[in-house]
Amino acid sequence: MNYTWATATDVGHVRQMNEDSVFPEGDGRAAGPALVAVADGMGGATAGHVASRVALAAATTRADGAAAATLVERGNDAVLRAVAEDGSLSGMGTTLTLGIFHPEGRLELAHVGDTRAYLFRGGELDQITSDHTLVAEMVAEGRLTPAQAETHPRRHLLTRVVGMAGTEVDTYDVELRPGDRVLLCSDGLTGMVPDHAIARILHEASDPAEAAWSLVEAANAAGGHDNTTVAVVDVDP
Ligand code: MN
């Protein structure tokens with residue numbers, strides 16, 4: 001398989017700082033393995049910015065063939081170490097959703113938090129990951145409808161985060177096909193732009209860069225309440 005990717009990130013219209021991080025920062029093309037990841041940090045002052053960067057750096061630095069979940073665990077260890085060394089960072093954490101696009105077409109995903117991975121195939125958009133949020137758990141238990149979850153005052157409350165000792169990492173394997181388009185995105189996109197509008201943009205964009213920047217523009221046009229970060233990876237036909 002050949003993969004073509006683009007990433008885009010923007011502070012939005014409300015926040016002072018962009019606490020999201022994305023890897024890689026540039027666009028590219030490769031036969032794989034290709035590593036792509038999005039992290040959305042949180043914490044007081046500048047700590048969220050630190051958490052997402054520390055986690056992504058630790059998860060993406062050593063390309064030693066480790067499993068995606070192992071890379072996320074390295075990110076978790078690095079955030080915990082940074083807090084142990086500097087008490088002012090106490091309480092920081094980050095989401096981390098990381099994909100390894102393998103040469104034979106397998107997408108290996110590891111995921112903690114509410115940064116999502118989607119598969120766009122044959123005009124249909126499917127969310128691969130499940131959010132680690134209080135409201136997603138309440139929806140799964142039938143205590144909340146998806147529509148109620150969208151406006152719930154505590155909808156951003158995470159139940160798992162990178163930067164928590166022993167945090168559990170979800171993993172997914174997807175067999176990709178030529179023509180597939182994969183999206184990783186922070187909640188700055190999904191909190192502002194409904195899935196049907198995301199699907200339309202993915203359908204209309206001719207390449208990953210156009211898709212990535214159109215998604216960021218859509219989040220900002222809807223208000224840009226949060227930082228928005230997206231990575232779009234095409235499986236070349
Ligand atoms: Mn966010």
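Ligands are counted one by one from 1 in listed order, and the atoms in each one are counted from 1 as well.
At the Mn ion (ligand 1), the vertex angle linking OD1 of Asp187 with OD2 of Asp226 is 90° (nearest 10 degrees).
Looking only at its N/O/S atoms, Asp40 has OD2 as the one nearest to the Mn ion (ligand 1).
For CD of Gln16, the number of neighbouring non-hydrogen atoms (other residues, nucleotides, ligands) closer than 6.0 Å is 12 at most.
Judged by distance alone, the side chains of Thr94 and Ser52 never bring a donor and an acceptor atom under 3.5 Å apart.
Side-chain contact check for Asp20 versus Val38: every heavy-atom pair is 4.5 Å or farther apart. Contact check for Leu183 versus Arg181: no side-chain heavy atoms found under the 4.5 Å cut-off.
Glu19 lies apart from the Mn ion (ligand 1) in this respect, since none of its N, O or S atoms is found at a distance under 2.8 Å.
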